[in-house]
Amino acid sequence: MSLRSAPPRSGRPTRLHSAVFQPIGDEGRAALVERRIAEAIMGGVLSAGERLPAEPELAAAMGVAPATAREALLVLRERGLIVTRRGRNGGSFVADSADPVQFATRALLDSSRVSLRDAGQHYLAITSACVDLAARRADPSEIASIRARLERVDDHDLAAWRRASDDAVIELAALSQSARLTREQMKLQGEFSPLLALIDTDASSRSTNRDHLLEVLGAVGAGDAGAATSALRDGTRFMIDWLIAYRERHGATMTAPVATVPAPPAPATPTRPERS
């Protein structure tokens with residue numbers, strides 16, 4: 001099974017895919033452009049072989065200067081995340097070697113138990129607010145449409161499942177009819193998607209996450225805000241507990257190569273002959 005995202009089909013791109021190229025805002029710096037694109041690549045939102053917008057288009061879409069976009073692309077090339085091809089069909093493309101699992105594992109290793117718990121609380125707070133409002137404001141037919149699209153996806157196709165489940169959560173947020181909450185949910189989903197993709201690699205855990213999401217959708221469709229937020233709380237707790245257990249189980253293995261690198265010997269301190 002492949003975790004890497006397939007290029008978006010012609011037609012409507014996924015919501016996370018579209019969010020990658022939204023304006024950066026006042027903090028329009030090369031580092032932020034580079035980080036957003038890097039996270040999208042490693043999260044599987046931008047897939048191997050996918051062509052990025054040309055520099056002028058990228059700069060205009062993200063609200064930065066062309067020189068800033070050029071600098072960000074240069075860093076991405078140096079990191080080996082994109083390659084540049086010359087000629088008529090040239091441009092910048094996501095490198096085939098970009099590995100979402102490796103990125104997610106490294107990001108997880110760099111996080112502490114406390115930071116993961118805190119991130120989970122933040123995710124729960126924002127998503128709960130979206131779910132609560134959606135349960136009160138959404139038409140049941142809208143929820144049924146989201147659920148039907150989700151159920152049509154083969155969850156053994158990891159990339160397709162991750163796209164579909166991310167989109168379902170973002171569409172649910174949009175049904176809250178709060179633009180601010182929806183924007184925050186899109187940001188959070190982009191940050192969590194690589195870690196959720198890591199959970200997806202375990203079939204049993206993927207099935208559990210799927211059941212939690214369908215339970216949330218069912219409760220929202222029934223207009224039961226309490227049941228929806230309770231199901232979301234259970235799903236978020238499961239997600240964070242899984243990530244912490246995975247980190248603790250594999251942390252020593254992942255860091256072992258670093259620990260075996262010998263430190264260089266300290267230079268000898270010359271001794272002076274004692275004066276009589």
Visitor: Are L214 and V169 linked, directly or through other ILVMFWY residues, by side chains that come within less than 4.5 angstrom of each other?
Guide: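 Per the 4.5 Å side-chain linkage, L214 and V169 are co-clustered.
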Visitor: Provide the full list of side-chain hydrogen bond (donor to acceptor under 3.5 Å, both in side chains) pairs with a residue in residues 228-243, sequence neighbours left out, each pair given once.
Guide: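 Listed by first then second residue: R117-D241, S205-W242, D234-R237.
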Visitor: Measure the CG-SG distance between L181 and C130 for me, rounded to the nearest 0.5 Å.
Guide: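 With rounding to 0.5 Å, CG (L181) is 4.5 Å from SG (C130).
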Visitor: Could you tell me which non-hydrogen atom of A38 sits nearest to which non-hydrogen atom of L76, and how far apart they are?
Guide: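 Here A38 and L76 meet closest at CB-CD2, 3.9 Å.
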Visitor: Could you walk me through whether D200 and W161 pass side-chain contact (heavy atoms from CB on, under 4.5 Å), step by step?
Guide: CA-CA 9 Å; D200 290 343; W161 166 248; 3.6 Å; yes
Visitor: Among all residues two or more places apart in sequence or in another chain, which pass the ring pair (Phe, Tyr, Trp, His ring centres under 6.0 Å) test with F103?
Guide: none
Visitor: Whether the side chain of T127 engages the backbone of Y123 through a donor-acceptor N/O pair (distance < 3.5 Å, no angle test) should be reported.
Guide: yes
Visitor: At what distance, to the nearest 0.5 angstrom, does CG of L175 lie from CG of D139?
Guide: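 Between atom CG of L175 and atom CG of D139 there are 9.5 Å.
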Visitor: Closest approach of V216 and L232, non-hydrogen atoms and distance?
Guide: CG2-N, 3.6 Å
Visitor: Does the E50 side chain pair with the main chain of S47, one donor and one acceptor, at a distance under 3.5 Å?
Guide: yes
Visitor: Looking only at atom types and distance, does a side-chain atom of R247 sit under 3.5 Å from a main-chain N or O of S111, one as donor and one as acceptor?
Guide: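 Yes; judged by distance alone, with no hydrogens or angles, the pair exists.
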Visitor: Indicate, with yes or no, if M239 and L116 share a hydrophobic cluster defined by side-chain heavy-atom contacts under 4.5 Å among Ile, Leu, Val, Met, Phe, Trp and Tyr.
Guide: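 Yes; tracing contacts between hydrophobic side chains, which count when under 4.5 Å, links both residues.
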Visitor: Quick check: closest heavy atoms across T182 and A173, and the distance to 0.1 Å?
Guide: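 Heavy atoms of T182 and A173 come nearest at OG1-O, 3.1 Å.
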Visitor: May I ask whether V153 and L150 are part of the same hydrophobic cluster, defined by side-chain heavy atoms of I, L, V, M, F, W, Y residues being less than 4.5 angstrom apart, directly or through others?
Guide: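 Result: yes, single cluster for both.
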Visitor: Is it the case that the side chains of S207 and S204 hold a donor-acceptor pair, with the cut-off being a distance below 3.5 Å and no angle test?
Guide: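 S207 and S204 do not have a side-chain donor-acceptor pair below 3.5 Å.
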Visitor: Which pair of non-hydrogen atoms, one from A225 and one from A135, has the smallest distance, and what is that distance?
Guide: CA-CB, 3.7 Å
Visitor: Hey, are the side chains of E142 and E171 touching, using non-hydrogen atoms and a 4.5 Å cut-off?
Guide: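 Not in contact.
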Visitor: Please list all pairs passing the side-chain hydrogen bond (donor to acceptor under 3.5 Å, both in side chains) test where one or both residues lie in residues 54-66, with sequence neighbours left out.
Guide: E55-R70
Visitor: What pairs of donor and acceptor atoms, side-chain ones from residues 190-198 against any protein atom, are under 3.5 angstrom apart with sequence neighbours left out?
Guide:
residue : atom : partner : partner atom : Å
S193    : OG   : D166    : OD2          : 2.6

Visitor: Can you list the residues that meet the salt bridge (charged side-chain N to carboxylate O under 4.0 Å, His left out) rule with E151, with sequence neighbours excluded?
Guide: R147
Visitor: If every non-hydrogen atom of V131 is compared with every non-hydrogen atom of A228, which pair is closest and at what distance?
Guide: CG1-CB, 3.3 Å
Visitor: Using a 3.5 Å distance criterion without hydrogens, assess whether the side chain of R206 forms a donor-acceptor pair with backbone atoms of D155.
Guide: yes
Visitor: Determine whether I199 and T208 satisfy the following criterion, side-chain contact (heavy atoms from CB on, under 4.5 Å), listing intermediate values before the conclusion.
Guide: CA-CA 10 Å; I199 299 176; T208 300; over 6 Å; no
Visitor: Please walk me through it: do I240 and I244 pass side-chain contact (heavy atoms from CB on, under 4.5 Å)?
Guide: CA-CA 6 Å; I240 297 300; I244 288 174; 3.9 Å; yes
Visitor: Can you tell me how far the CG atom of D132 sits from the OG atom of S178, to the nearest 0.5 Å?
Guide: 11.5 Å
Visitor: Can you name the nearest heavy-atom pair linking V33 to A72, along with the distance?
Guide: CG1-CB, 3.6 Å
Visitor: Would you say that V64 contacts L32 through its side chain, given a criterion of any heavy-atom pair below 4.5 Å between the two side chains?
Guide: no
Visitor: Quick check on the hydrophobic clustering: are V101 and L243 connected, directly or via other members, by side-chain heavy-atom contacts under 4.5 Å?
Guide: yes
Visitor: Establish whether V75 and L46 are linked, either directly or via other cluster members, by ILVMFWY side-chain heavy-atom contacts under 4.5 Å.
Guide: no
Visitor: Hey, could you give me the CZ/OG distance between R51 and S92, rounded to the nearest 0.5 Å?
Guide: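 With rounding to 0.5 Å, CZ (R51) is 9.0 Å from OG (S92).
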Visitor: Return a table of donor-acceptor pairs under 3.5 angstrom between the side chains of residues 78-89 and protein atoms on other chains or two or more places apart.
Guide:
residue : atom : partner : partner atom : Å
R79     : NH1  : E34     : OE2          : 2.3
T84     : OG1  : R77     : NH1          : 2.9

Visitor: From D167 CG over to Q189 CD, what is the distance, rounded to the nearest 0.5 angstrom?
Guide: 9.0 Å
Visitor: Before you tell me yes or no, could you show the steps for Y246 and D202 under side-chain contact (heavy atoms from CB on, under 4.5 Å), namely the whole-Å CA-CA distance, both residues' side-chain angles and the distance that decides it to 0.1 Å?
Guide: CA-CA 11 Å; Y246 184 92; D202 178 72; over 6 Å; no
Visitor: Just verifying a value: how many Å separate L217 CG and H212 NE2, rounded to the nearest 0.5 Å?
Guide: 13.0 Å
